[in-house]
Amino acid sequence: MLRYSIRSRNNSRKEAVLVRVTVKDIAKLAGVTQPTVSKALNNEPGVSEETRMRILSIAKELNYVPNLAAKRLVTRQSNCIGLIWPRIEGLFYFHLCHAIEREVTKRGLTFLISVANPAEAVHTFNEHFVDRVLFWEASGWAPDMRFVKEMEAFQGELLLMGGASLPGAHRIDIDRKAGIYKAVQHLAQLGHRKITYIGNPNDKLNGYMQGMFEFGMEHHPDYFIKRGIDGKAPEQAIQGLFARPASERPTALIIDSQGMLFQMLKWFRKLRVSIPDDLSLIVYDDVPELEDVLDVPLTTVGPNIGELARRAVEILAGELPAGQATDTDSKEQALSRGVELVIEPVLTVRQSTKSLPVS
DNA sequence: GTGCATGTTGTAGAAAGATG
DNA sequence: CATCTTTCTACAACATGCAC
C-alpha cells in the first residue's frame, strides 16, 4: 500500500523528500483537480457518484489523513473540543472523559486533552486553534494571573464544570448538597438513626447536616469525620467510632468521595465490619467499578456521568440556547451570560444499604 | 541593518468554464 | 440548459529574497 508520495520539496536542492499525502496527490491519481477531491471527501454536491467513489477509494488506498491545520486555516473554526484534565484522583473523571469522548465523536468533532496546568493548557489550545474548552473545577476556584492572561488571548467558548464560575463562561454545576441529602433520606427511610459522614466541610456536608436535622437523626459531634490533608480518612477517628458501645455505634456511613473507598475497605476488613449487615454504606460518585468492588454492589449517589458528558458537549457544540435574558439585562449581557445548568445527583440503590430491624 | 514584497503550506468555496 | 469540473483565491504565520 502506498503511504507517502515522493515529491521534491525544494527545487533548488533537487532532493526527494517523503511528504504526507494531500488532496493534490489524490487529484492527480484520480485525474481530477484538487477542489473536486475536496468536494468528494466532504460530501459536497457537484461531483458525480462515480467520480466520488473513485476518489474515496484512492484516498483510502493512499491512507489519506486530512490536514486539520490547513482546514482550520480556511474554515476559521476547529471543530475540536479541548479538555483540561484536572488534578482529581479517582475513577470518576476517568469515566467522565470517556463519556465525553463518545459524545464528541458522535458529532464528528475531535477531542484533545491537556494534562498541563490550566494556564498552559489554554495556551496550547490557543496555539492549536482549539476554540472550545472544557474545564473541571470545584466551586471556590479562582483563576491565577497566568490563567487570566491566557484567557485574554482565547477567542472561543469556555465551559466550567464542577461548580466554578467565570464571567462569560458556560457553567455546569452539580447540586451535591441535594445528592447527600438524598442519601440521608434513603437511610432514614430504612430506619437508620445514627449516620456517620466522612468528608470535607463543603456543600456535601451541608446536605448531610440538613438531612440529619430534618429527619430527626441522633446527632453526635464524632459522626462527622473530616478528611485529612492527604484526602484520606483519619484512622483513629474511624477506629474510635467502631470502638463505641453498641448504642452509640453508627449503623450507616456516607463517604463523600469514591477516591476514599479503597482505604475504607481496608479498615472494614481489619475491624471485621460487614457491609451491609453491620453497616449500611453509601458512596458519593457513581462509577461502574462500585458494582464489583465488594461482595455486594454499592449503593451510590452522584451525577449520572453519561448525562454530564452529554450536557457538556451539547453546550459546547452549540445545541442549547444561550442563557435566558431577564428584563434588567442588556442584550450584550444576555449574550455574554452563557448557558447555566445544574445537574441533580441520582441515588442508585443497590445492596450495600439495608433496613434496620424495628427494635 | 531595515523594510517591504513575495512565496510557502493544505484546504474550501466562489465563480467561471467545459461537456453532453 | 443542466450537470459536472476547473480555475482562482483567501486563509495565518512565517521564511526568504532583495532593494535601500
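Hydrogens, waters and symmetry mates play no part in the numbers below; they use all other heavy atoms, side chains included.
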Each nucleotide N or O in nucleotides 17-20 of chain B that has a protein N or O under 3.5 Å away: list the pair and distance.
none

Please list each protein N or O that sits under 3.5 Å from an N or O in nucleotides 7-14 of chain C, with the distance.
{"residue": "C:dA12", "atom": "OP1", "partner": "A:Arg76", "partner atom": "NH1", "Å": "2.9"}

Any side-chain N or O of A:Tyr64 less than 4.0 Å from the OP1 or OP2 oxygen of B:dG10? no

Is there a side-chain contact between A:Arg244 and A:Lys194, using heavy atoms and a 4.5 Å cut-off? no

Cut-off 3.5 Å, no hydrogens considered: what does the side-chain donor-acceptor table look like for residues 26-39 of chain A, sequence neighbours left out?
{"residue": "A:Thr33", "atom": "OG1", "partner": "A:Thr36", "partner atom": "OG1", "Å": "3.4"}

To the nearest 10 degrees, the angle between the two end axes of the helix from B:dG1-C:dC20 to B:dG20-C:dC1 (five pairs per end) comes to 60°

Within the 6.0 Å centroid threshold, strictly below: A:Phe154 and A:Phe147: no

Regarding B:dT11, can its base be found pairing with the side chain of A:Lys39 as donor and acceptor, where the two atoms are less than 3.5 Å apart? no

Least distance between heavy atoms, A:Asp278 atom then A:Arg272 atom: OD2-O, 3.5 Å

Are the side chains of A:Cys80 and A:Phe125 in touch, meaning some heavy atoms are under 4.5 Å apart? no

Looking only at side-chain N and O atoms, does A:Ser48 come under 4.0 Å of OP1 or OP2 in C:dT5? yes

Contact under 4.0 Å: A:Lys24 side-chain N or O vs B:dG10 OP1/OP2: no

For A:Glu50 and C:dT3, what is the distance between atoms CD and P respectively, to the nearest whole Å? 17 Å

Taken in chain and number order and not counting sequence neighbours, the residues that satisfy side chain to side chain contact (heavy atoms under 4.5 Å, CB included) with A:Ser48 are A:Glu50, A:Thr51

Tell me the closest heavy-atom pair linking A:Phe111 and A:Val104, and the distance in Å. CB-CG1, 3.9 Å

Would you kindly say whether A:His186 and A:Thr299 are connected by a side-chain donor-acceptor distance under 3.5 Å? no

Side-chain heavy atoms of A:Met264 within contact of A:Val283, under 4.5 Å: no

Shortest non-hydrogen separation from A:Gln258 to A:Asp285 and the atoms involved: CB-CB, 3.8 Å

Measure the distance from CZ on A:Arg72 to C1' on B:dA12 and round it to the nearest whole Å. 15 Å

Show every donor-acceptor pair shorter than 3.5 Å between a side-chain atom in residues 290-297 of chain A and any protein atom, with sequence neighbours excluded, or say none if there are none.
none

Using a cut-off of less than 4.0 Å, is there contact between a side-chain N or O of A:Asn67 and OP1 or OP2 of B:dT9? no

Can you check the A:Lys71 NZ to B:dT9 C1' distance for me, whole Å? 16 Å

